[in-house]
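First comes the structure, then the notes that go with it.
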Amino acid sequence: MYLKGIKLFSIAFVTTIISIIIGFALILGVYSLPTGIMNKHVLSSYQSFEESYPNTTPRVMGGKLDTFTDALMLLTASYEDDNSIYTKSLLNKRYFNEELGPDQLLYQIGKTLSDDRDISVEGYARYWHGYLVILKLLLMVSNYNGVRFINGIILLALIVLLWRQYCINDEKLYITPLLAIIIFINPVSIILSIQFMGMITVALLGLFILAKYRIYLIQHSLMLKAFFVVLGSLTAYVDLLTYPLITLGIPLAYWISSTNIGVKSNKQIVQDICLYSIIWGFGYIGMWFGKWMLATLLTDVNIIKDAYMEIIYRTSSQMGDTPISYRKVLSNNFKYCWGNILLLLVLFGGYVSYKKHKDKELLKFDINKKHWPLLIIAIIPFIWYFLVQNHSYIHAWFTYRELAIVVYVIVVFYCLGNRKKA
């Protein structure tokens with residue numbers, strides 16, 4: 001057992017170090033690209049930022065767009081100064097104004113060509129900003145609206161690829177939970193906000209790789225463990241702290257339900273759930289710490305201290321001087337997804353009615369005790385909300401998407417219970 005633990009730690013450590021090296025190399029690469037054409041495309045998109053936080057679905061609260069952070073990402077991507085490439089890639093500076101949010105600033109610059117004396121520079125070095133690897137390349141050929149269009153193509157392509165792979169694997173039961181989470185996360189707001197696109201992309205890519213290379217990963221358990229480490233590392237690399245846990249919960253629920261249930265004992269399944277969650281967390285935390293270490297060692301800014309202070313704030317149960325209870329955190333997150341849940345219930349009710357009419361035997365729900373460990377995965381979002389209460393309360397309008405894990409697990413659980421007996 002001790003030797004297995006050492007071996008697992010070694011795999012997780014080496015995989016994380018490799019992820020840090022590759023991630024840093026990619027960031028260095030895109031920071032070497034000329035920003036002139038990027039800046040031109042960013043400024044040509046200024047009209048998209050006339051309104052802050054517009055809602056794509058006014059009657060449903062979960063459809064708000066994050067124009068604030070999208071503008072921040074665009075201003076970071078197009079920023080240029082005389083520092084070395086490695087300094088720029090570690091400090092991730094951008095233009096900002098103390099009185100205006102990034103979206104308002106971008107709108108004013110594009111509309112009036114504001115004098116540079118009204119603009120300051122600020123770094124945002126706590127994050128890897130790995131999205132820049134793709135965003136900078138896209139801004140070489142397109143503006144913000146073009147990037148949104150590409151988001152739509154990518155999301156649709158991932159859905160089609162997964163659908164096709166499930167058909168190849170004879171795992172059509174996973175198509176329903178896939179569509180359920182896409183509806184739940186509000187795909188229109190995902191496509192129109194590059195801030196929100198990262199996590200669903202990583203989650204769906206994780207699902208596709210697990211489905212595509214299922215047999216290989218079953219036969220090579222070490223590669224499977226390394227894969228979950230990479231998922232965690234990639235999440236920390238790309239994300240600006242939106243709804244990161246779906247890159248763990250959704251791929252994990254698929255893997256456990258498609259390979260472990262009916263093969264392993266409930267005890268072994270619970271152990272696997274804990275194991276993969278821990279190694280995903282190792283990659284996630286390790287990747288974060290890698291950025292802080294590199295930035296602190298290679299620049300004159302103490303990013304470790306800055307990150308520590310932000311962690312203390314985001315994990316607190318306070319919002320300013322106002323205390324935040326865990327109940328309020330949960331209530332605030334559920335508030336933003338009731339409309340999505342209602343829509344899912346209506347659609348799922350119609351689907352069940354159709355299936356019952358078509359094949360009555362199929363809808364005889366059979367609760368198998370071997371399926372119950374799967375529900376443990378549905379607890380993951382609630383653990384996150386407890387650990388990161390401040391952030392989950394203030395940003396509930398997008399952190400509610402962590403609950404997509406619950407939706408996926410419940411639908412998979414139901415579909416497993418309705419599967420025809422072989």
Side-chain angles (χ1 to χ4, degrees), residues 1 3-16 18-19 158-159 161-178 181 201-235 245-284 368-378 380 405 408-409 411-422:
M1 179 65 81
L3 291 177
K4 284 184 177 180
I6 295 295
K7 189 174 184 179
L8 182 60
F9 174 81
S10 300
I11 292 169
F13 182 78
V14 171
T15 304
T16 304
I18 293 173
S19 298
L158 286 171
I159 294 170
L161 282 173
L162 268 169
W163 191 311
R164 179 176 178 272
Q165 192 60 47
Y166 289 148
C167 292
I168 293 173
N169 292 3
D170 195 22
E171 295 180 323
K172 292 182 181 179
L173 72 91
Y174 290 103
I175 294 174
T176 302
L178 170 65
I181 60 168
T201 302
V202 174
L204 295 183
L205 277 174
L207 280 176
F208 177 72
I209 292 172
L210 289 175
K212 177 75 172 178
Y213 301 102
R214 179 181 167 187
I215 302 301
Y216 174 82
L217 292 172
I218 290 174
Q219 296 172 344
H220 301 81
S221 61
L222 294 182
M223 290 301 295
L224 176 64
K225 294 176 177 64
F227 174 73
F228 273 96
V229 177
V230 171
L231 270 183
S233 300
L234 186 58
T235 300
L245 268 292
I246 72 161
T247 69
L248 165 65
I250 292 174
L252 181 59
Y254 165 73
W255 184 258
I256 293 297
S257 62
S258 65
T259 63
N260 285 23
I261 289 177
V263 178
K264 297 185 177 182
S265 68
N266 283 359
K267 181 181 178 181
Q268 290 174 315
I269 292 173
V270 172
Q271 289 175 343
D272 281 354
I273 290 172
C274 294
L275 173 63
Y276 295 132
S277 298
I278 290 170
I279 59 179
W280 180 95
F282 189 99
Y284 182 71
N368 191 318
K369 64 179 182 180
K370 293 181 179 180
H371 298 165
W372 286 109
L374 185 65
L375 297 179
I376 295 174
I377 300 173
I380 289 175
I405 299 171
Y408 189 82
V409 169
V411 178
V412 168
F413 187 82
Y414 181 86
C415 290
L416 287 175
N418 282 317
R419 206 162 35 173
K420 285 183 177 179
K421 294 182 179 179

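This one's a predicted model, so the numbers in the text were calculated from it and none came from an experiment.
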Can you tell me how far the [atom1] atom of [X] sits from the [atom2] atom of [Y], to the nearest 0.5 Å?
X	Y	atom1	atom2	answer
His371	Leu416	NE2	CG	5.0 Å
Ile181	Leu207	CD1	CG	6.5 Å
Leu204	Phe208	CG	CZ	11.5 Å
Ile209	Leu224	CD1	CG	11.5 Å
Ile273	Ile269	CD1	CD1	7.0 Å
Leu210	Ser258	CG	OG	7.5 Å

Between Thr235 and Trp280, does the side chain to side chain contact (heavy atoms under 4.5 Å, CB included) criterion hold? Intermediate values first, please.
CA-CA 9 Å; Thr235 300; Trp280 180 95; 4.0 Å; yes
Heavy-atom closest contact (Asn169 atom, Ala211 atom, distance):
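Nearest pair, atom of Asn169 first, then Ala211: ND2-O, 2.9 Å.
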For the student: nearest non-hydrogen atoms of Ile377 and Gly249, plus distance
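That closest heavy-atom pairing would be CG2-O, 3.5 Å.
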So, applying side chain to side chain contact (heavy atoms under 4.5 Å, CB included) with Ile405, which one of Leu245, Leu248, Thr247, Leu252 is it?
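Of the listed options, the one satisfying the test is Leu245.
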Are the side chains of [X] and [Y] in touch, meaning some heavy atoms are under 4.5 Å apart?
X	Y	result
Ile11	Val229	no
Lys225	Leu275	yes
Ile18	Ser233	no

Atom OH of residue position Tyr213 - does it have more than 12 heavy atoms of other residues, nucleotides or ligands inside 6.0 Å?
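Open.
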Parallel, tilted or perpendicular: which one describes the rings of Tyr174 and Tyr254, with boundaries at 30° and 60°?
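Ring orientation, 0 to 90° scale: perpendicular.
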Should the ring pair Tyr276 and Phe228 be called parallel, tilted or perpendicular, given that the plane angle runs from 0 to 90° and is split at 30 and 60?
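Ring orientation of Tyr276 relative to Phe228: parallel.
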Among Gln165, Gln219, Glu171, side chain to side chain donor-acceptor pair (under 3.5 Å) partner for Arg214
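Testing each of Gln165, Gln219, Glu171 against Arg214, the sole residue satisfying side chain to side chain donor-acceptor pair (under 3.5 Å) is Glu171.
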Would you please indicate if the ring centroids of Phe282 and Phe9 are separated by under 6.0 Å?
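Ring centres of Phe9 and Phe282 closer than 6.0 Å.
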Using the side chain to side chain contact (heavy atoms under 4.5 Å, CB included) rule, take Tyr284 and Thr16 through it: C-alpha gap first, then chi angles, then the decisive distance, then the call.
CA-CA 9 Å; Tyr284 182 71; Thr16 304; over 6 Å; no
Can you name the side-chain hydrogen bond (donor to acceptor under 3.5 Å, both in side chains) partners of Gln271, sequence neighbours left out?
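Result, side-chain hydrogen bond (donor to acceptor under 3.5 Å, both in side chains) vs Gln271: none returned.
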